[in-house]
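Below is one structure, written out as C-alpha cells, with a few remarks after it.
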Amino acid sequence: MSLLDDDISKVLISKKDIAKRTLELGDEISRDYKDKDLVIIGILKGAFVFTSDLARSIPLRCSVDFLATSSYGSKGVKSSGEVKLLKGLSSSIDGKDVLITEDILDSGTTLNFVLNLLKKEKPASVNVCTLLNKPSRRKIDVPAKYVGFTIKDEFVVGYGLGYNGWYRNLPYVGVLRESIWQGGQ
Ligand code: IMP
Ligand code: MG
C-alpha cells in the first residue's frame with residue numbers, strides 16, 4: 001500500500017491551521033451574509049473538502065450547489081488555459097447572493113470563466129472565497145473577497161487539491177515531492 005505522506009516533501013498548511021482559518025472565514029461570511037439569500041457554489045473537484053468545512057462554519061440558512069470544471073490534463077501541474085464546464089448548476093441562482101468556493105486561485109482562468117458564466121444567470125451578487133491564493137501566477141485579474149492563505153509558486157496537494165486525481169484526501173496542504181510530478185507537465 002502506498003502512503004500519501006511519503007509523497008509529500010513539506011507540510012505547507014497544517015490541518016489545525018486550515019481548521020482555524022476556515023472558522024475565521026465562516027465568521028466573516030456569516031456577518032456579511034446575515035440578511036442575504038446565500039447560495040454557496042463549490043467548484044469541483046478541488047473545492048469539495050473546503051466547501052464542506054466552510055459551509056459547516058456558516059450557521060445561516062443557505063443552500064449549497066456545485067459546478068465542475070476542468071482545465072488540467074490528468075498529469076498536469078500547469079493549467080491548459082482552456083476551461084471546460086463538466087457539470088452545471090442544479091438550481092436557479094436568479095436573485096440569489098452567490099458565494100463561489102474554490103480550492104486555489106492560480107492563473108485566474110477558471111474563476112474568470114465561472115464568474116462570467118454565473119453572472120449570466122442574474123444573481124443579486126457574486127463573491128469569491130478561495131482557500132489558497134497564488135498571486136505570482138495570475139494571468140487574469142479576479143477579485144477574491146475572502147482568501148484563506150496566500151502561498152508562493154509551488155504545486156500543492158491535499159485538502160481537496162489533487163495531482164493526477166490523487167492526494168485530495170490528504171487532511172493538510174503539502175508540497176508534492178518533485179520526483180512524483182517530474183515529467184508530468
Ligand atoms: P487557474 O485556472 O489557473 O486559476 O487554476 C485553478 C485550478 O487549477 C484550481 O481550481 C485547481 O483545481 C488547479 N490548481 C492550480 N494550482 C494548483 C496546485 O498547486 N495544486 C493543485 N491544483 C492546482
Ligand atoms: Mg479547483
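Just so it is clear, the model here is predicted, and its values are computed rather than measured. Values reported hereafter were calculated over all heavy atoms of this structure, with side chains retained and with hydrogens, waters and symmetry mates removed. Just follow the structure's listing: the first ligand is 1, and inside any ligand the first atom is 1.
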Practice task
Check all N, O or S atoms of Glu102 and name the one closest to the Mg ion (ligand 2).
Solution key: OE1
Handout entry: N/O/S atom name from Asp103 that is nearest to the position of the Mg ion (ligand 2)
Key = OD1
Problem - Side chain to side chain, Thr150 and Pro135, heavy atoms closer than 4.5 Å - result: yes
Using a strict 4.0 Å cut-off to heavy atoms of [X], name the atoms of ligand 1 that fall inside it.
X	result
Gly162	21 (C)
Glu102	9 (C), 10 (O)
Asp106	1 (P), 3 (O), 4 (O), 5 (O), 15 (C), 16 (N)
Glu154	19 (O)
Thr109	2 (O), 4 (O)

Exercise for the section: Determine whether the side chain, the backbone, both or neither of Lys139 has a heavy atom under 4.0 Å from any heavy atom of ligand 1. Expected result: neither
Practice task
Could you walk me through whether Asp53 and Arg56 pass salt bridge (charged side-chain N to carboxylate O under 4.0 Å, His left out), step by step?
Solution key: CA-CA 5 Å; Asp53 281 345; Arg56 283 177 291 172; 2.7 Å; yes
Practice task
Check whether any N or O atom of Gly108, backbone or side chain, sits under 3.5 Å from an N or O atom of ligand 1, and answer yes or no.
Solution key: yes
Exercise for the section: Run the salt-bridge test on Asp106 and Arg137 with the 4.0 Å N-O cut-off and return the result as yes or no. Expected result: yes
Exercise for the section: Determine, considering heavy atoms only, which of Val173, Val156, Val157 sits nearest to atom 21 (C) of ligand 1. Expected result: Val156
Exercise for the section: Kindly compute the distance separating CG (Leu67) from OG1 (Thr110), expressed to the nearest 0.5 Å. Expected result: 11.5 Å
Would you say [X] touches ligand 1, if touching means a heavy atom closer than 4.0 Å?
X	result
Ser107	yes
Lys45	no
Lys134	yes

Exercise for the section: Identify which one of Ile93, Ile40, Leu89 satisfies the side-chain contact (heavy atoms from CB on, under 4.5 Å) criterion when paired with Val98. Expected result: Ile93
Practice task
Could you name each residue pair satisfying salt bridge (charged side-chain N to carboxylate O under 4.0 Å, His left out) that touches residues 39-51, not counting sequence neighbours?
Solution key: none
Exercise for the section: Applying side chain to side chain donor-acceptor pair (under 3.5 Å), name anything that partners Glu121, two or more places apart in sequence or on another chain. Expected result: none
Exercise for the section: Please answer: with hydrophobic residues joined when any side-chain heavy atoms are less than 4.5 Å apart, are Val39 and Leu115 in the same cluster? Expected result: yes
Practice task
Go through the steps to decide whether Asp97 and Tyr33 satisfy the test side chain to side chain contact (heavy atoms under 4.5 Å, CB included), and finish with yes or no.
Solution key: CA-CA 8 Å; Asp97 294 291; Tyr33 284 84; 3.9 Å; yes
